[in-house]
Amino acid sequence: MTAETEVLGELRRLRARLPQLTGALAASTDGLVLAHDTVDGEAESVAALTAAALGVGRRLTDCTGQGRFRELLVRGESGYVATYAAGGAAVLTLLAEPRINVGRLHLEARRSSARIGELVDGALERKDLT
């Protein structure tokens, strides 16, 4: 089983636990799609924007002395966009309905982002060893 397959499985399990999610995407920190579950034709754009938001988030946390970037939550009129650090090389971005329980979103997403980080970082380590 490849890391991409395992990451996609994690995204699907997360969406099953949080039915108010309308999309889930794992991307590299430089904006390449690793896996996605229903970000209808916009996965590449969302991944690129996630990388840009990650850069701003990292600068903001660094500049204000808040430590390493962990997560970013944006609330729009029609719902939420949440981005979570996933190890050293990936990020998890979720789209959610406005009625989602934000506390539960954070709880579940933090667990999934940790797992995705392990999968992606592990795959990169194995690649470096060969």
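Residue numbers start at 1 and run along the sequence shown.
Within the structure, no pair that satisfies the salt bridge (Lys or Arg N to Asp or Glu O under 4.0 Å) test touches residues 73-85, not counting sequence neighbours. Sequence neighbours left out, the pairs with a member in residues 71-95 that pass ring-ring contact (aromatic ring centres under 6.0 Å, His included) are Y84-H106. Pairs engaging residues 79-90 under the salt bridge (Lys or Arg N to Asp or Glu O under 4.0 Å) rule: none recorded [sequence neighbours left out]. The side-chain hydrogen bond (donor to acceptor under 3.5 Å, both in side chains) pairs that include a residue from residues 55-72 are E71-R110, where partners are two or more places apart or lie in different chains.
Residues passing the side chain to side chain contact (heavy atoms under 4.5 Å, CB included) test with A114: none are found, sequence neighbours excluded. Residues passing the side chain to side chain contact (heavy atoms under 4.5 Å, CB included) test with A47, sequence neighbours excluded: L25, A27, V33. In this structure, the side-chain hydrogen bond (donor to acceptor under 3.5 Å, both in side chains) partners of D30, at least two apart in sequence or on a different chain, are S28. Partners of L21 by side chain to side chain contact (heavy atoms under 4.5 Å, CB included), not counting sequence neighbours, listed by chain and number: L14, R15, L18, L94, A96, I100, L105. Considering only residues two or more places apart in sequence or on other chains, R99 meets the side chain to side chain contact (heavy atoms under 4.5 Å, CB included) condition with Q20, E97. Under the salt bridge (charged side-chain N to carboxylate O under 4.0 Å, His left out) criterion, E44 pairs with no residue, sequence neighbours left out. Residues passing the side-chain hydrogen bond (donor to acceptor under 3.5 Å, both in side chains) test with T83 are T93, sequence neighbours excluded.
With a 4.5 Å cut-off on side-chain heavy atoms, S112 and R17 count as touching. Proximity of L11 to L92: side-chain heavy atoms (C-beta onward) are separated by under 4.5 Å at one or more points.
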